[in-house]
Colleague: 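Right, I'll just put the structure down here and ask away after.
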Amino acid sequence: MVTNEDVVRTLERIADLLEIRGENVYKVRAYRQAAVQVENLGESIADVAAGEGGLVSLAGFGPAIAEKVSDLLQSGRLAFLEELEAEVPPTLLALCALPGVGPRTAALLWREAGITRLEELDAAAHSGTLQGIPRLGAKSIERIVAALDSQRDRGAKTRRARADVQPIVDELTGVLRALPEAAMVEAAGSFRRRRESIGDLDIVVATATPSKVLVAFSALPQVERVLMCGDTKSSVEVASGFQVDCRAVSVAQFGAAMQYFTGSQAHNVRLRGRALRMGLTLNEYGVFRLDGGERIAGATEEDVYAALGLRWIPPEQREDRGEIEAAVIDDVALAGAAVQTVLPRI
DNA sequence: TTGACCACGCATCACG
DNA sequence: CGTGATGCGTG
DNA sequence: GTCAA
């Protein structure tokens with residue numbers, strides 16, 4: 001019995017391996033999007049396959065992916081994936097899991113140094129074999145060594161329970177709010193979406209002096225390691241490896257930044273797609289007209305959603321499960337009884 | 001059949 | 001030394 | 001690879 005979860009894992013695995021192989025980014029994305037669709041599917045994918053229209057009736061499923069998933073459902077295997085795994089060593093996926101190492105670097109290590117597994121990478125990094133590989137400078141090698149060490153230190157504990165994160169949120173937002181430069185401070189990300197499992201923490205600060213706030217943030221006693229600190233964002237680790245990102249924006253951008261950093265990613269992508277179809281563009285600084293670039297929203301989240309013809313959507317609903325469609329302020333309501341306004345058609 | 005496919009910050013490296 | 005391209009990571 | 005024009 002092949003479950004939806006099996007299909008999701010398989011599609012994601014294909015995407016990862018294709019990425020290492022250097023396939024077209026949109027092909028890779030197509031597999032990832034298909035995986036997301038299956039993930040959000042409210043029924044058994046086997047039923048969909050058997051039902052009217054078959055798998056191609058699913059969004060993101062064209063003939064190619066439909067056939068592969070169909071094979072998988074029928075036989076429990078997928079020849080395509082097996083061929084791919086024969087071509088691209090699956091152990092490379094473990095390299096990609098290292099922070100700072102992505103598919104391109106994994107492919108580079110494989111091609112240039114014949115490295116396919118973590119142990120080989122570790123040995124090569126220390127023996128100096130890595131030196132001389134194009135695009136792999138001293139900094140990059142140092143980064144790899146650090147990543148391997150840090151992974152060894154703590155057995156790759158990734159996500160944390162909401163209850164464990166809450167005190168960290170309270171403490172960090174507390175000290176940031178005490179800064180005279182910080183006008184507004186809020187936690188965003190999956191924490192704000194009230195998810196039970198939290199991968200990392202995002203904190204948004206409104207301020208007129210971003211660098212001051214970020215420097216202060218990076219220097220907090222709770223900070224164990226600074227991953228990076230730029231002009232608008234800083235990433236650190238606190239409490240044995242838990243990552244916290246701090247983004248500093250102006251007061252006028254605070255709403256757009258909160259919207260952006262609250263996510264989810266899928267929600268944001270759909271929202272931005274909607275913006276484009278309305279002749280607008282959405283980023284973490286606001287909503288802008290495509291022609292001329294005039295800014296039309298950004299100070300508050302309500303602003304941002306309203307500019308896109310939407311009611312404000314509670315964070316816990318922002319998962320791209322139909323909440324955007326449900327929040328559309330329809331033409332009729334806007335136009336009143338008499339006048340037919342011309343809103344951009346979505 | 002063809003073109004578009006979200007948007008951006010930071011670190012690093014190659015190049016002039 | 002500055003600049004642009006690339007890779008990675010983030011929602 | 002998929003979708004829409």
Side-chain angles (χ1 to χ4, degrees), chain A residues 11 14-15 18-20 22-37 55-69 80 95-109 132-144 146-147 187-193 195 198-204 210 214 226-235 243-249 253 256-277 280-288 290 308 315 318-320:
Chain A
L11 290 173
I14 290 173
L18 287 176
E19 200 168 25
I20 293 175
E23 274 289 353
N24 180 302
V25 291
Y26 295 107
K27 182 187 287 193
V28 173
R29 181 140 99 207
Y31 279 93
R32 295 231 162 90
Q33 286 197 333
V36 168
Q37 290 305 318
L55 289 173
V56 286
S57 65
L58 292 175
F61 273 67
I65 293 181
E67 190 185 335
K68 291 181 178 79
V69 171
F80 177 73
L95 304 194
C96 295
L98 293 170
V101 178
R104 313 306 290 242
T105 306
L108 185 73
L109 291 165
I133 296 179
R135 313 269 343 157
L136 258 197
K139 288 280 190 180
S140 299
I141 296 173
E142 189 186 330
R143 222 179 150 78
I144 287 173
S190 53
F191 180 84
R192 183 167 179 241
R193 297 204 311 280
R195 304 282 300 191
I198 314 285
D200 66 7
L201 180 61
D202 294 282
I203 299 177
V204 182
L214 293 179
V226 179
L227 300 174
M228 65 172 178
C229 184
D231 295 334
T232 64
K233 75 176 193 185
S234 166
S235 293
Q243 183 172 332
V244 184
D245 297 341
C246 182
R247 330 275 176 145
V249 300
Q253 298 165 338
M258 283 299 292
Q259 192 291 310
Y260 170 65
F261 292 116
T262 297
S264 65
Q265 174 175 358
H267 177 88
N268 287 357
V269 168
R270 186 166 295 275
L271 214 55
R272 288 172 182 215
R274 177 183 173 89
L276 284 180
R277 287 190 294 278
L280 304 170
T281 180
L282 168 65
N283 57 33
E284 60 264 54
Y285 304 121
V287 180
F288 302 84
L290 273 180
L308 300 175
R318 302 181 193 176
E319 302 287 352
D320 187 26

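Each chain gets a letter, A, B and so on, in the order its sequence line appears, and its residues count up from 1.
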Colleague: Check every strand shown and say whether R193(A) touches a base, only sugar-phosphate, or nothing at a heavy-atom separation below 4.0 Å.
Modeller: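 The answer is sugar-phosphate, as R193(A) gets under 4.0 Å only of primed atoms, P, OP1 or OP2.
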Colleague: Measure CG/L98(A) against C1'/dG9(C) and give the value in whole Å, please.
Modeller: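 To the nearest whole Å, that distance equals 14 Å.
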Colleague: Between dC3(D) and dC6(B), how far apart are the two P atoms, rounded to whole Å?
Modeller: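 That atom pair is separated by 14 Å.
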Colleague: Hey, which sits more toward the 5' end of DNA chain B by its nearest nucleotide, G230(A) or I141(A)?
Modeller: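 Residue closer to the 5' terminus by nearest nucleotide: G230(A).
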Colleague: Are K233(A) and E284(A) ion-paired here, with the side-chain N under 4.0 Å from a carboxylate O?
Modeller: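 Salt bridge flag = no for E284(A) with K233(A).
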Colleague: Return the value, rounded to whole Å, for the distance between atom CE of M228(A) and atom P of dG9(B).
Modeller: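 Rounded to whole Å, this separation is 11 Å.
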Colleague: Report the nucleotide, chosen from dA7(B), dT2(D), dT12(B), that has the shortest atom-to-atom distance to any side-chain atom of I65(A).
Modeller: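 Taking heavy atoms from C-beta onward, the closest nucleotide is dT2(D).
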Colleague: Test N268(A) against Q259(A) for side chain to side chain donor-acceptor pair (under 3.5 Å), laying out the working first.
Modeller: CA-CA 8 Å; N268(A) 287 357; Q259(A) 192 291 310; 3.1 Å; yes
Colleague: What's the CZ-C1' distance between R143(A) and dT6(C), to the nearest Å?
Modeller: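 Rounded to whole Å, this separation is 14 Å.
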Colleague: State whether the distance check finds a donor on one side and an acceptor on the other, under 3.5 Å, for side chain Y26(A) versus base dT2(D).
Modeller: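 When only heavy-atom distances are counted, Y26(A) does not reach the base of dT2(D) through any donor-acceptor pair under 3.5 Å.
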Colleague: Is the distance from OP1 or OP2 of dC6(B) to the nearest side-chain N or O of R29(A) less than 4.0 Å?
Modeller: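 Checking dC6(B) against R29(A), a side-chain N or O does come within under 4.0 Å of OP1 or OP2.
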Colleague: If only side-chain N and O atoms of Y260(A) are considered, is one of them under 4.0 Å from the OP1 or OP2 phosphate oxygen of dG9(B)?
Modeller: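 So the side chain of Y260(A) is outside the cut-off, no N or O lying under 4.0 Å from OP1 or OP2 of dG9(B).
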Colleague: Look at R104(A) and dG7(C) and indicate whether a side-chain polar atom (N or O) is within less than 4.0 Å of OP1 or OP2.
Modeller: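 For dG7(C), OP1 or OP2 has a side-chain N or O of R104(A) closer than 4.0 Å.
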Colleague: So N283(A) and Y260(A), do their side chains get closer than 4.5 Å, heavy atoms only?
Modeller: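 A side-chain contact under 4.5 Å is absent here.
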Colleague: Counting heavy atoms from C-beta on, name the nucleotide in dC8(B), dT2(D), dG7(C) closest to the side chain of A30(A).
Modeller: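 Shortest atom-to-atom distance from the side chain points to dT2(D).
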Colleague: M258(A) and A187(A): which non-hydrogen atoms are nearest, and at how many Å?
Modeller: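 M258(A) and A187(A) have their closest heavy atoms at CE-O, 3.8 Å.
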Colleague: To the nearest 0.5 Å, how far apart are CG in L55(A) and CD1 in I65(A)?
Modeller: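 That separation rounds to 10.5 Å.
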Colleague: Both V269(A) and L227(A) contact DNA chain B. Which one's nearest nucleotide lies toward the 5' end?
Modeller: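 Nearest-nucleotide comparison on DNA chain B picks V269(A).
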Colleague: Heavy atoms from C-beta onward define the side chain here; which of dC8(C), dT12(B), dA7(B) lies closest to that of S140(A)?
Modeller: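 Looking only at heavy atoms from C-beta outward on S140(A), the closest nucleotide is dT12(B).
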Colleague: Side chains of C246(A) and L214(A), heavy atoms from C-beta outward: is any pair under 4.5 Å?
Modeller: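 Yes; the side chains approach each other to less than 4.5 Å.
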Colleague: Using a cut-off of 4.0 Å on non-hydrogen atoms, how would the nucleic acid contact of Q243(A) be classed: base, sugar-phosphate, or nothing?
Modeller: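 Sugar-phosphate, no base atom in range.
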Colleague: When the distance from OH of Y31(A) to P of dG1(D) is rounded to whole Å, what number comes out?
Modeller: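 Y31(A) atom OH is separated from dG1(D) atom P by 4 Å.
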Colleague: Round to a whole Å and report the spacing from CG of L282(A) to C1' of dG11(C).
Modeller: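 In whole Å, dG11(C) C1' and L282(A) CG are 11 Å from each other.
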Colleague: What is the distance, to the nearest angstrom, from the CD atom on Q265(A) to the P atom on dC8(B)?
Modeller: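 About 15 Å, once rounded to whole Å.
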Colleague: In whole angstroms, how far is the C1' atom of dA7(B) from the CZ atom of R247(A)?
Modeller: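 Rounding to the nearest Å, CZ of R247(A) and C1' of dA7(B) are 13 Å apart.
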Colleague: Tell me what L271(A) touches on the nucleic acid: a base, only sugar-phosphate, or nothing, going by heavy atoms under 4.0 Å.
Modeller: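 Answer is nothing: L271(A) stays at 4.0 Å or more from every strand.
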Colleague: Please check if the number of heavy atoms outside R270(A) that lie under 6.0 Å from its CZ is greater than 12.
Modeller: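 12 or below, so no.
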Colleague: Please work out if G100(A) contacts a base, only the sugar-phosphate, or nothing of the nucleic acid, heavy-atom cut-off 4.0 Å.
Modeller: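 Sugar-phosphate, backbone atoms only, no base.
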Colleague: If the cut-off is 4.0 Å, is Q37(A) near the phosphate of dT2(D), judged by side-chain N/O to OP1 or OP2?
Modeller: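 Negative; the distance criterion is not met.
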Colleague: In whole Å, what is the span from the CD atom of E19(A) to the C1' atom of dC8(C)?
Modeller: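 Whole-Å distance recorded here is 10 Å.
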Colleague: Considering only side-chain heavy atoms of P63(A), which listed nucleotide, dG1(D), dT2(D), dT10(C), is closest?
Modeller: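 Of the candidates, dT2(D) comes closest.
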Colleague: Give the nucleotide from the list dC5(B), dC8(B), dG1(D) with an atom nearest to the side chain of E284(A).
Modeller: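 From the listed options, dC8(B) comes nearest.
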Colleague: With a non-hydrogen cut-off below 4.0 angstrom, is A138(A) in contact with a base, only sugar-phosphate, or nothing?
Modeller: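 Sugar-phosphate only.
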Colleague: Is K68(A) close enough to dG1(D) that one of its side-chain N or O atoms is under 4.0 Å from OP1 or OP2 there?
Modeller: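 Yes.
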Colleague: Under 4.0 Å between a side-chain N or O of N283(A) and OP1 or OP2 of dC8(B)?
Modeller: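 Looking at the OP1 and OP2 atoms of dC8(B), one of them is under 4.0 Å from a side-chain N or O of N283(A).
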Colleague: Just to be sure I understand the rule, does V25(A) reach a base, reach only the sugar-phosphate, or reach nothing, if contact means heavy atoms closer than 4.0 Å?
Modeller: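 No contact.
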Colleague: Students often get this wrong, so: under 4.0 angstrom with heavy atoms, is S190(A) touching a base, only sugar-phosphate, or nothing?
Modeller: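 Counting heavy atoms under 4.0 Å across all strands, no contact is made by S190(A).
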Colleague: With heavy atoms under 4.0 Å as the rule, sort S235(A) into base, sugar-phosphate or nothing.
Modeller: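 It contacts nothing in the nucleic acid.
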